[in-house]
K.L.:
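Dropping a structure here in structure tokens format, bear with me for questions.
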Amino acid sequence: MKTIITTLVLFISLSLPAQTGYEKAMQKGLELMASDLQAASQQFERISKAEKENWLPPYYAALCNINGSWGQNSKEQTLLHLNKAQELINEAEFLSDNNPEIMVLQGMLNTCWIQYDSRTYGMKLSGATNAIYEKALQLAPQNPRVISNRARWLMGSAKFFGKDIAPYCGEIDKAIELFEKEIPTGFDPSWGEKGATDVKKQCEK
């Protein structure tokens, strides 16, 4: 009996798909994103050196640097994060041209630049950011990150000019519905639902 059970366990173990080195490294990077963005960025950069044709490692490293630059650091540290994020976005774009997910990162990074120095980058990047989001929406009209981040960008612009944000709240609702239906595939981007839910609260005030 013991031999049969041992054989069965061994058979099941052999049947389970083993994680590759890439999968283990990406999983570790994603887990680090919850607690240490700098360590996560370094992890994804290490992966990108081994996965030279894969846009996802530089994409996530750029996302870490963007999320690490939202006003919690000194100006000098923020500048380092912004420049590093642009370098990584360029790397990801080189590997995957016309990718709406990467366009969303570029739109987010442009917003960071404007927050960093609105006098210098406000006029310079506003038109370009509008164009990026419109192109991403044309390419991926059902992508919740495209819809949500485009709406958030337009809401920010409306607030800056003292206009009503209500016209964009329906887009946030649509993004949340799409987030709820989204089925994660491998390591493809699947983040953003919490941000959209947080913005929805502004619409309910």
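What you see below is based on every heavy atom in this structure, not just the backbone, and it leaves out hydrogens, waters and symmetry mates. Keep in mind it's a predicted model, so treat the numbers as computed, not measured.
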K.L.:
Give the cluster check for Met103 versus Phe179: same hydrophobic cluster or not, with ILVMFWY residues linked at side-chain heavy-atom distances below 4.5 Å.
P.N.:
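Shared cluster, no.
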
K.L.:
Can you list the residues that meet the ring-ring contact (aromatic ring centres under 6.0 Å, His included) rule with Tyr168, with sequence neighbours excluded?
P.N.:
none

K.L.:
Give a yes or no on whether the backbone of Asn99 and the side-chain of Ser96 come within a donor-acceptor separation of less than 3.5 Å.
P.N.:
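A pair under 3.5 Å: no.
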
K.L.:
Report, as yes or no, whether the 6.0 Å neighbourhood of atom CD on Gln27 holds more than 12 heavy atoms from other residues, nucleotides or ligands.
P.N.:
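Yes, the 6.0 Å shell around CD holds more than 12 heavy atoms from other groups.
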
K.L.:
In Å and rounded to the nearest 0.5 Å, what is the CG to CD distance from Leu32 to Gln38?
P.N.:
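If I round to the nearest 0.5 Å, the distance is 11.5 Å.
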
K.L.:
Over all heavy atoms of both residues, which pair between Ile172 and Met155 is shortest? Give the atoms and the distance, please.
P.N.:
CG1-SD, 4.0 Å

K.L.:
Can you find a heavy atom in the side chain of Val199 that is under 4.5 Å from one in the side chain of Ser148?
P.N.:
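The answer is no, as the side chains (C-beta and beyond) never meet within the 4.5 Å cut-off.
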
K.L.:
I'd like to check the side chain to side chain donor-acceptor pair (under 3.5 Å) partners of Thr120; sequence neighbours left out, ordered by chain and number.
P.N.:
Asp117

K.L.:
For residues Met108 and Ile132: do they belong to one hydrophobic cluster (side chain heavy atoms under 4.5 Å, members Ile, Leu, Val, Met, Phe, Trp, Tyr)?
P.N.:
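No.
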
K.L.:
For the side chain of Asp97 and the backbone of Glu93, is there at least one donor-acceptor N/O pair under 3.5 Å apart?
P.N.:
no

K.L.:
With sequence neighbours excluded, give me every disulfide (SG to SG under 2.5 Å) pair touching residues 125-205.
P.N.:
Cys169-Cys203

K.L.:
Not counting sequence neighbours, list each pair that qualifies as a salt bridge (charged side-chain N to carboxylate O under 4.0 Å, His left out) and has a residue in residues 36-61.
P.N.:
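Passing the test, one end in residues 36-61: Glu45-Lys84.
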
K.L.:
Are the side chains of Gln115 and Tyr121 in touch, meaning some heavy atoms are under 4.5 Å apart?
P.N.:
no

K.L.:
Look at the side chain of Ser41 and the backbone N and O of Leu37, then say whether any donor-acceptor pair between them is shorter than 3.5 Å.
P.N.:
no

K.L.:
Is any side-chain heavy atom of Leu88 less than 4.5 Å from a side-chain heavy atom of Asn65?
P.N.:
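In short, these two side chains touch, coming nearer than 4.5 Å.
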
K.L.:
Can you tell me how far the CG atom of Leu79 sits from the OH atom of Tyr116, to the nearest 0.5 Å?
P.N.:
4.0 Å

K.L.:
My understanding is that only residues two or more places apart in sequence, or in another chain, count here; which of them pass side chain to side chain donor-acceptor pair (under 3.5 Å) with Lys174?
P.N.:
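Lys174 satisfies side chain to side chain donor-acceptor pair (under 3.5 Å) with no residue once adjacent residues are dropped.
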
K.L.:
Is there a path of hydrophobic side-chain contacts, each under 4.5 Å between heavy atoms of I/L/V/M/F/W/Y residues, joining Leu30 to Tyr59?
P.N.:
yes

K.L.:
Pro189 versus Leu56: any side-chain heavy-atom pair under 4.5 Å?
P.N.:
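They are in side-chain contact.
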
K.L.:
Is it possible for you to say whether Met26 and Leu63 belong to one hydrophobic cluster, with membership spreading through side-chain heavy-atom contacts below 4.5 Å?
P.N.:
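Same hydrophobic cluster.
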
K.L.:
Atom CD1 in Ile66, atom CG in Leu109: separation rounded to 0.5 Å?
P.N.:
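Interatomic distance, Ile66 CD1 to Leu109 CG, rounded to 0.5 Å: 5.0 Å.
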
K.L.:
To the closest 0.5 Å, what do you measure between CG (Leu137) and CG (Asn149)?
P.N.:
12.0 Å

K.L.:
Holding to side chain to side chain donor-acceptor pair (under 3.5 Å), I want the full list of residues that pass it with Gln202, two or more places apart in sequence or in another chain.
P.N.:
Lys159

K.L.:
Measure across Ile147 and Pro141 and return the closest heavy-atom pair with its distance rounded to 0.1 Å.
P.N.:
CD1-O, 3.2 Å

K.L.:
With sequence neighbours excluded, give me every salt bridge (charged side-chain N to carboxylate O under 4.0 Å, His left out) pair touching residues 118-129.
P.N.:
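Listed once each, the pairs would be none.
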
K.L.:
Mind listing the closest non-hydrogen atom pair of His81 and Gly68 along with its distance?
P.N.:
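So the two residues come closest at CD2-O, 3.5 Å.
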
K.L.:
Would you compute the distance between atom OH of Tyr60 and atom CD1 of Ile47 and round it to the nearest 0.5 angstrom?
P.N.:
10.5 Å

K.L.:
Sequence neighbours excluded, which residues qualify as side chain to side chain donor-acceptor pair (under 3.5 Å) partners of Thr129?
P.N.:
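Result, side chain to side chain donor-acceptor pair (under 3.5 Å) vs Thr129: Asn110.
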
K.L.:
Restricting to pairs with a member in residues 180-205, which pass ring pair (Phe, Tyr, Trp, His ring centres under 6.0 Å), not counting sequence neighbours?
P.N.:
Tyr22-Phe187

K.L.:
Which distance, rounded to the nearest 0.5 Å, do you find between the OG of Ser157 and the CD1 of Ile165?
P.N.:
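Here the rounded value is 12.0 Å.
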
K.L.:
Kindly state each residue pair satisfying salt bridge (charged side-chain N to carboxylate O under 4.0 Å, His left out) with at least one member in residues 187-203, sequence neighbours excluded.
P.N.:
Asp173-Lys200, Lys194-Asp198, Asp198-Lys201, Lys200-Glu204

K.L.:
Any chance you could pull the hydrophobic cluster mates of Phe160, using side-chain heavy atoms under 4.5 angstrom and chaining through other members?
P.N.:
Phe161

K.L.:
Indicate whether any N or O donor in one side chain lies under 3.5 Å from an N or O acceptor in the other, for Gln106 and Gln86.
P.N.:
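Yes, Gln86 and Gln106 have a side-chain donor paired with an acceptor closer than 3.5 Å.
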
K.L.:
According to the salt bridge (charged side-chain N to carboxylate O under 4.0 Å, His left out) rule, which pairs have a member within residues 138-158, sequence neighbours left out?
P.N.:
Glu101-Arg145, Glu134-Arg150, Arg145-Glu182

K.L.:
Is Trp55 linked to Phe94 within one hydrophobic cluster, defined over Ile, Leu, Val, Met, Phe, Trp and Tyr using a side-chain heavy-atom separation of less than 4.5 Å?
P.N.:
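Yes, one cluster joins them.
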
